[in-house]
Amino acid sequence: MTTKYIFVTGGVSSSLGKGIFCASLGRLLKAHGLRVTIQKLDPYINVDPGTMNPYEHGEVYVTDDGAESDLDLGHYERFLDSPTSQANNVTTGRVYSEVINKERAGEYLGKTVQVVPHIIDEIKHWIFRLADEAEYDVVLCEIGGTVGDIESLPYLEAIRQLRYELGPASTLSAHLTLVPYLAAAGELKTKPTQHSVKTLLSHGLQPDILVCRSERHLDDELRRKIALFCNVLPQAVIEAVDADSIYEVPLNLADQGVDKLVLDRLRLLRGLVTPEPDLTGWMRFVRRLHSLSGTVTVALVGKYVAHQDAYKSISESFMLAGVELGVEVNVRYVLSDSILEVGSAHALKDVSGVLVAPGFGKRGVEGKIEAARYARVHDVPFFGVCLGLQCAIIEFARNVCGWQYAHSTEFAPDTPYPVIDFMEEQRRLVAKGGTMRLGGYSCHLEEGSLAHGVYGAADVRERHRHRYEISNTHRTALAAHGLRFSGINVERNLVEIAELPDKRWFLGTQFHPEYRSRVGRPHPLFTSFVHAAQAYSKEVTGAA
């Protein structure tokens, strides 16, 4: 079967939820038996978000093949339960880099290189590349930003050409807009949606489906009005009312028959798919999500906690683990900079677990180190991720080994005890973008360790994003004082996991386990940590 393409654009306002819509529609189509993937086309000039501040862009999501990508890819993977790759996130920076490299190599045979056709053709190449890599039935392409943005114009032209070249049976356009409620007038207003569609039409794109974000339900009269003035069928005007959870969105779309609209429009209802989606597992998950009993509070200590998306995969991993265990996980976001000011006893008061988050840069590091000390001394379940592990190692070296000035060479290049040091291959690198240890690497687990018991396996594969590592020079001395290095990358002899066996649950990972949590299948380390936090909470409160 020829691959079908669904192009998703947005108008009126950013942050309407195109990524969640794509992930939800992808989940529905997969529930019909189709092979689905989702691609994010980002119009910014950065080659990837790897060098961007999380306050600018939210978290950087890392794929198994080492792509530093948009956080929406995390939603794609969690919803579809299938991996993404380098080709699933394309930016204007990457497109222009590829075109310029080809020009320098003489591949354009002396032609004048222009936006049309060369940039447009490169965008189309990346869209087709996904279908070339695997046999997908449907590729959803989400175009970042909003219609009318100058930087989005090449992408709109690319999908206009693709719709013309592939034909109406192979492409579909879905457009997300806002239908605001004006309290003073006491009514929903459709004019922003009409203007958004008009802008889209000016680029030669007629939407097939309109997805209308709103605080209130759209009645039939309002749907007919939108349909009439936007040239779509009334049943193709879909309401997207704010949901209690993003995981309800696939069910809300299914209730409105969005999947049937798409299958019919793309001529897929011809024995190629199951007529009804199998959402049994998803509905079971949503029911469990709404029937949680009890609450466990864990602290997430980081330097970017003011941005809700900076630790998106970690917060989602906590939620998914909580659903698995039937408990609501209340994540208390603790600014690492503030811990030394107010004291760890106050900042971490009444929490049943402490997770020290990943990050870069010196700001807030001493607060993270203090959080690790507090958890170790008070035997509070502790989970360190990437820099969180490194901070726990620094704290242990200072306060258990007695190496007062132990540190990471990232923050103190002249430290006499560089327990965390630059990776050897990183020393020769100058460029910052895309040059870290990225993507999936193997990890061998020591039998009898906490990690081995949690995974139930001797060898695992996890995703990385770091330049610094635990120094092999100091490993023996650290181990002699009680640290257990329970996970090792055998090929490079690098520490992947460290733990303290004499504590109830104290473990850190150099990798990012949050990237592998899925709906109905949370990462085992998060599930085990939340379970330990539950047990700790019951113990300290005296609950049965």
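- Ion pair Glu514/Arg463 not flagged as a salt bridge, since none of the NZ, NE, NH1 or NH2 atoms sits closer than 4.0 Å to an Asp/Glu carboxylate oxygen.
- Side-chain atoms of Leu268 and Leu29, non-hydrogen and from C-beta on, never get closer than 4.5 Å to each other.
- In this structure the side chain of Leu162 reaches within 4.5 angstrom of the side chain of Phe7, judged on heavy atoms.
- A salt bridge does not link Glu187 with Lys225: none of the charged nitrogens is closer than 4.0 Å to a carboxylate oxygen.
- Heavy atoms of other residues, nucleotides or ligands lying less than 6.0 angstrom from NZ of Lys102 number more than 12.
- Gln308 CD: 12 or fewer foreign heavy atoms inside a 6.0 Å radius.
- Between Lys124 and Asp121 a salt bridge is recorded (basic side-chain N to carboxylate O distance below 4.0 Å).
- Looking only at side-chain heavy atoms (C-beta outward), Val356 and Leu387 stay at 4.5 Å or farther from each other.
- Ser82 and Arg35 share no side-chain donor-acceptor pair at under 3.5 Å.
- Counting only distance, with no hydrogens or angles, the side chain of Glu77 and the backbone of Arg516 share no donor-acceptor pair below 3.5 Å.
- In this model, no donor atom of one side chain and acceptor atom of the other lie less than 3.5 Å apart for Glu59 and His512.
- Note on Arg163 versus Asp208: salt bridge recorded, some NZ/NE/NH1/NH2 to OD/OE distance being below 4.0 Å.
- The shortest heavy-atom contact between Leu41 and Cys141 is CD1-CB, 4.4 Å.
- The main-chain N or O of Gly144 is never found under 3.5 Å from a side-chain atom of Asp42 such that the two would form a donor-acceptor pair.
- Neither side chain, Thr91 nor Asn46, offers a donor N or O lying under 3.5 Å from an acceptor on the other.
- Between Lys30 and Asp81 there is no salt bridge, since no side-chain N of the basic residue sits under 4.0 Å from a carboxylate O of the acidic one.
- Between Arg363 and Asp337 there is a salt bridge, since at least one side-chain N of the basic residue sits less than 4.0 Å from a carboxylate O of the acidic one.
- Two residues are said to be in side-chain contact when any heavy atoms from C-beta on lie closer than 4.5 Å; His57 and Asp70 meet this criterion.
- Applying the 6.0 Å contact sphere to CD of Glu135 captures no more than 12 heavy atoms from other residues, nucleotides or ligands.
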Verdict with reasoning, Phe383 to Phe526, per ring-ring contact (aromatic ring centres under 6.0 Å, His included): CA-CA 9 Å; Phe383 194 178; Phe526 276 92; 5.2 Å; yes

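- Between Arg160 and Glu157, at least one side-chain N (NZ, or NE/NH1/NH2) sits under 4.0 Å from a carboxylate O, which counts as a salt bridge.
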Can Phe128 and Tyr5 be said to form a ring-ring contact (aromatic ring centres under 6.0 Å, His included), step by step? CA-CA 10 Å; Phe128 285 134; Tyr5 294 89; 5.8 Å; yes

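- Checked for salt-bridge contact, Glu98 and Arg94 miss the test: no charged N lies under 4.0 Å from a carboxylate O.
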